[in-house]
Amino acid sequence: MIEIKNLEKRFGKLQVLKGVNAQFEKGQVISIIGPNGSGKTTLIKCILGMVVADKGEISVNAKSIAGDLSYRSDIGYMPQIGRYPENMKMGQLFSMMKDLRKQTHSLDEDLIREFGLEGMYNKSMRTLSGRKKKKVSAALAFLFNPAVLILDEPTAGLDPLAAEILKAKILKARAEEKLVLITSHI
């Protein structure tokens with residue numbers, strides 16, 4: 001499903017990725033574990049096309065991602081820290097994302113319900129705690145029923161109940177034959 005061959009990335013003199021090779025298949029939950037600064041986020045941003053590698057190749061479903069961003073429509077991404085328009089209300093954010101994606105198949109709104117986000121749709125994003133924004137990020141990652149989920153430090157900052165809800169959702173995604181990539185320094 002996702003194949004990485006000889007990936008390298010430098011930021012100035014700092015070599016962040018060197019000769020990374022990996023293959024990820026549907027139905028897997030893969031944890032990319034390492035200390036802060038080890039290149040985990042850089043690797044997933046390369047997969048997402050947000051960072052361009054200096055060398056190497058990434059392919060999704062046996063097709064190179066170079067110059068073609070269409071593959072991203074089947075990826076749900078949960079950033080470590082979600083940054084959203086502060087003046088926007090939560091409900092407007094979800095509506096905007098639905099309008100942008102123009103999805104024709106069913107949405108997965110389980111996390112919206114399980115995290116109780118519907119009751120906060122009128123709250124401005126700027127008034128939300130980091131914990132609430134993390135829940136919004138998780139709900140957005142799963143919303144469009146993607147075949148691939150990339151979750152960057154997904155449980156960091158979540159309360160224990162929310163972390164358990166998210167873990168159950170990840171296991172359900174694996175059972176549905178989705179690929180889940182998780183980064184963690186723990």
Side-chain angles (χ1 to χ4, degrees), residues 1-4 22-32 40-41 43-50 58-65 68-85 88-121 123 125 128 131-158 161-184:
M1 180 166 240
I2 296 178
E3 187 173 10
I4 300 167
Q23 188 163 345
F24 310 118
E25 299 297 334
K26 64 182 180 178
Q28 293 181 319
V29 176
I30 304 290
S31 295
I32 302 168
K40 301 178 303 291
T41 298
L43 176 63
I44 63 172
K45 286 187 175 183
C46 286
I47 293 169
L48 292 167
M50 298 167 69
I58 300 172
S59 58
V60 175
N61 293 324
K63 185 177 175 187
S64 175
I65 66 168
D68 179 15
L69 300 178
S70 64
Y71 74 97
R72 295 193 311 188
S73 66
D74 213 18
I75 296 177
Y77 172 54
M78 179 183 177
Q80 184 174 0
I81 299 169
R83 293 182 176 85
Y84 304 103
M88 190 174 275
K89 295 191 184 308
M90 185 191 303
Q92 292 172 321
L93 175 65
F94 280 101
S95 292
M96 178 185 74
M97 295 308 292
K98 290 174 186 177
D99 288 345
L100 287 171
R101 292 288 288 261
K102 295 180 175 59
Q103 181 130 343
T104 56
H105 60 278
S106 65
L107 298 175
D108 181 346
E109 296 181 331
D110 290 350
L111 289 179
I112 293 172
R113 284 187 296 280
E114 291 180 45
F115 288 150
L117 298 177
E118 293 165 318
M120 295 184 280
Y121 271 14
K123 287 193 173 242
M125 293 303 292
L128 299 180
R131 188 171 287 167
K132 294 282 188 224
K133 287 180 184 175
K134 194 82 168 182
K135 291 176 181 180
V136 168
S137 293
L140 285 170
F142 283 86
L143 183 62
F144 298 100
N145 248 321
V148 177
L149 290 145
I150 299 177
L151 313 175
D152 195 0
E153 301 279 354
T155 58
L158 285 179
L161 178 59
E164 288 303 313
I165 289 169
L166 184 56
K167 288 175 188 176
K169 188 66 176 166
I170 290 167
L171 292 175
K172 183 178 177 191
R174 181 180 66 186
E176 294 170 350
E177 290 295 303
K178 296 180 181 191
L179 168 61
V180 183
L181 299 177
I182 300 170
T183 69
S184 180

Quiz item: Is a donor on one side and an acceptor on the other found under 3.5 Å between the side chain of D152 and the backbone of T41?
Solution: no
Self-check item: Euclidean distance, I44 CD1 relative to I182 CD1, rounded to 0.5 Å
Solution: 11.0 Å
Practice problem: Measure across P154 and T183 and return the closest heavy-atom pair with its distance rounded to 0.1 Å. | Solution: CD-O, 3.7 Å
Quiz item: Of all heavy-atom pairs between S59 and A62, which one has the smallest distance, and what is that distance?
Solution: CB-C, 4.2 Å
Quiz item: If you round to the nearest 0.5 Å, how far is CG of L48 from CD1 of I75?
Solution: 5.5 Å
Quiz prompt | Minimum-distance pair of heavy atoms, taken over all atoms of M1 and A147 | solution = CE-CB, 4.1 Å
Practice problem: Kindly determine whether L43 and I4 satisfy side chain to side chain contact (heavy atoms under 4.5 Å, CB included), including the steps that lead there. | Solution: CA-CA 10 Å; L43 176 63; I4 300 167; 3.8 Å; yes
Quiz item: Mind checking whether V136 and F94 have side chains closer than 4.5 Å, heavy atoms only?
Solution: yes
Practice problem: Kindly indicate, with the supporting measurements, whether the criterion side chain to side chain contact (heavy atoms under 4.5 Å, CB included) is fulfilled by D74 and V60. | Solution: CA-CA 10 Å; D74 213 18; V60 175; over 6 Å; no
Quiz item: Roughly how far, to the nearest 0.5 Å, is the NZ atom of K134 from the CD atom of Q80?
Solution: 6.0 Å
Quiz item: Counting only heavy atoms not in K178, do more than 12 fall under 6.0 Å of its NZ?
Solution: yes
Quiz item: Of the non-hydrogen atoms in I47 and I65, which two are nearest, and what is the gap between them?
Solution: O-CD1, 3.8 Å
Exercise. To the nearest 0.5 angstrom, please state how far the NZ atom of K135 sits from the CE atom of M78.
Key: 11.0 Å
Quiz item: For the residue pair G157 and R131, what are the closest heavy atoms and their distance?
Solution: O-NE, 3.2 Å
Quiz item: Is any side-chain N of the basic residue among K98 and E109 closer than 4.0 Å to the acidic one's carboxylate O?
Solution: yes
Exercise. Mind checking the CG-CG spacing from L143 to D110? Nearest 0.5 Å is all I need.
Key: 10.5 Å
Quiz item: Looking only at heavy atoms, what is the nearest atom pair of M90 and L128, with distance?
Solution: CE-CD1, 3.7 Å
Quiz item: Are side-chain heavy atoms of Y84 and L140 found at a separation under 4.5 Å?
Solution: yes
Exercise. Please answer whether the main-chain N or O of G91 pairs with a side-chain N or O of K123 as donor and acceptor at a distance below 3.5 Å.
Key: no
Exercise. Check whether any side-chain heavy atom of D108 sits under 4.5 Å from a side-chain heavy atom of F144, and report yes or no.
Key: no
Quiz item: Is a side-chain N or O of Q23 found less than 3.5 angstrom from the main chain of E3, in a donor-acceptor match?
Solution: no
Self-check item: R113 side-chain N/O to E118 backbone N/O, donor-acceptor pair under 3.5 Å
Solution: no
Quiz item: So I112 and F142, side chain to side chain contact (heavy atoms under 4.5 Å, CB included) or not? Walk me through it.
Solution: CA-CA 10 Å; I112 293 172; F142 283 86; over 6 Å; no
Quiz prompt | L166 side chain reached by L111 side chain, heavy atoms, under 4.5 Å | solution = yes
Self-check item: Y71 and N61, any side-chain heavy atoms less than 4.5 Å apart
Solution: no
Exercise. Hey, could you give me the CG/CE distance between L100 and M96, rounded to the nearest 0.5 Å?
Key: 5.5 Å
Quiz item: Counting only heavy atoms not in K132, do more than 12 fall under 6.0 Å of its NZ?
Solution: no
